[in-house]
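The block underneath contains the structure these notes are about, expressed in structure tokens.
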There are 2 protein chains.
Amino acid sequence: MRDGPPRSPPRCHPGHVSTSTPPSAALAVRRGRSTREDILEAAVQLFGQVGYRTASLREIASRVGISHPGLLHHFPSKAALLAAVLARRDEVDLAASQADRAAGLPVAEVFARVVERNAARPGIVELFATLSAEATAPDHPAHAYFRERYTTVLAELTADFAELDAAGRLCPGVTPESAARRTVAVMDGLQVQWLLEADRPGTRVDMAAEIRAFYATLAPDPEAS
Amino acid sequence: MRDGPPRSPPRCHPGHVSTSTPPSAALAVRRGRSTREDILEAAVQLFGQVGYRTASLREIASRVGISHPGLLHHFPSKAALLAAVLARRDEVDLAASQADRAAGLPVAEVFARVVERNAARPGIVELFATLSAEATAPDHPAHAYFRERYTTVLAELTADFAELDAAGRLCPGVTPESAARRTVAVMDGLQVQWLLEADRPGTRVDMAAEIRAFYATLAPDPEAS
DNA sequence: CCTACCGATCGGTAGG
DNA sequence: CCTACCGATCGGTAGG
């Protein structure tokens, strides 16, 4: 039985390849773009599709158009590549969320936008859904990362809900910590449903809408009534 | 780098090994118990710990005390073993839930008990959390299984919530389908948090309590107020 | 960045 | 249920 990912030709980025590109330019097709970036992007995709452990450096390298020792020239080991992928995601996501927060958006909206951005990039959702389950194993190279990530996110969210609670806007009977856990859980769980429905676009969950509706049951929008 | 599971001696079942067992009986230690059962149990554990793709037949076989071709005598392929594991779980879980329903327990309690049973068997939780994320890939051998599973569970739960809704007991603004999706999502998401907290028992999520509290925000218990 | 190679491990089969 | 083996694939290294 074959379980691996289907082989695909090296991926190119939109705008980097045009029909007028002469065949002789094929080898230079990545010119002007860092190989490191290409590797990171391909790694996000494959880690997301098959998980970290099943993904092979050879497959990632081939999608970028280099050999696998070539890849190891940029990242000294498979675990180092994973770490770089995770660090990159954190940078990008954190920056976007902080911008939203700085713009004065309510916490509920900041979260809904995170989900909205995710829904536009299935590869990222696959990556985190697959990895967070895989990294549940204590000897997984991303185990510490995900533990810290969840601890941090839960603490931040708990603080946000505690603020709402102090303002009397948290539903009675719901503790800030419980609200935080549930919010993270709903986000994670909806992603699995969403991924499983990838091939029936019509009936797919609208993750952002669900999150907004869910949030409203925890801390009703004061302007809504 | 080594990513695989730590090697462990063949597992024995409580009650099957006593300190008075003579060393010469070691090879016959499985007598009286079906090898098939032992294989299934070991497979649940390893699939849960490292995922289906990373788990090896050799490791499972060695935990049972047989060779890997010996394992293939009982299950003709790795995918067949996975199918058997999933079928077994469905049998057991379905029977327990139907008994609870037949006993007249409200839907909320039936679900809380599913979670309670899960919390007592970390291996099963690991199995489903890991597999459901892994099986998100369309070419995974359990992809169809999990698609059907989610479709079925969501449909059943939606029907349950529609009944509550008809009785006027569903929170306003929440559709039965949305309530179902959220319930499943919270269960799945809490499991990931719970698994990541495996080594700090004190602060671990109480999954069943969270589910009960969550459910109460969707369809408040009429006797509670 | 390459070719060439290493030891290890994989699922499955042959043949008993 | 076993030993012995298969072709394929893995992460990483040597050496350039």
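Each chain gets a letter, A, B and so on, in the order its sequence line appears, and its residues count up from 1.
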Ring-plane angle category for Phe146(B) and Phe128(B), please: parallel below 30°, perpendicular beyond 60°, tilted otherwise.
perpendicular
Would you mind telling me which of dG12(D), dT13(C), dC2(C) lies closest to the side-chain atoms of Ile66(A)?
dC2(C)
Taking OP1 and OP2 of dC1(D), is either one under 4.0 Å from a side-chain nitrogen or oxygen of His74(B)?
yes
Salt bridge or not between Arg53(B) and Asp139(B)? Use side-chain N to carboxylate O under 4.0 Å.
yes
Measure from the side chain of His68(B), starting at C-beta and using heavy atoms only, and say which of dC1(D), dG12(C), dG11(D) lies closest.
dG12(C)
Considering just the side-chain nitrogens and oxygens of Ser67(A), establish if one lies under 4.0 Å of OP1 or OP2 belonging to dC1(C).
no
Arg58(B) CZ - dG11(C) C1' separation (whole Å):
7 Å
So, OP1 or OP2 of dG11(D): does either fall under 4.0 Å of a side-chain N or O from Ser77(A)?
no
Round to the nearest Å and state the distance from Leu46(A) atom CG to dC10(D) atom P.
10 Å
Aromatic rings Phe214(A) and Phe214(B): how do their planes relate, parallel, tilted or perpendicular, breaks at 30° and 60°?
tilted
Does the pair Glu126(A)/Arg121(A) count as a salt bridge with the N-to-O cut at 4.0 Å?
no
Quick check on dT9(C): is either OP1 or OP2 less than 4.0 Å from any side-chain nitrogen or oxygen of Ser56(B)?
no
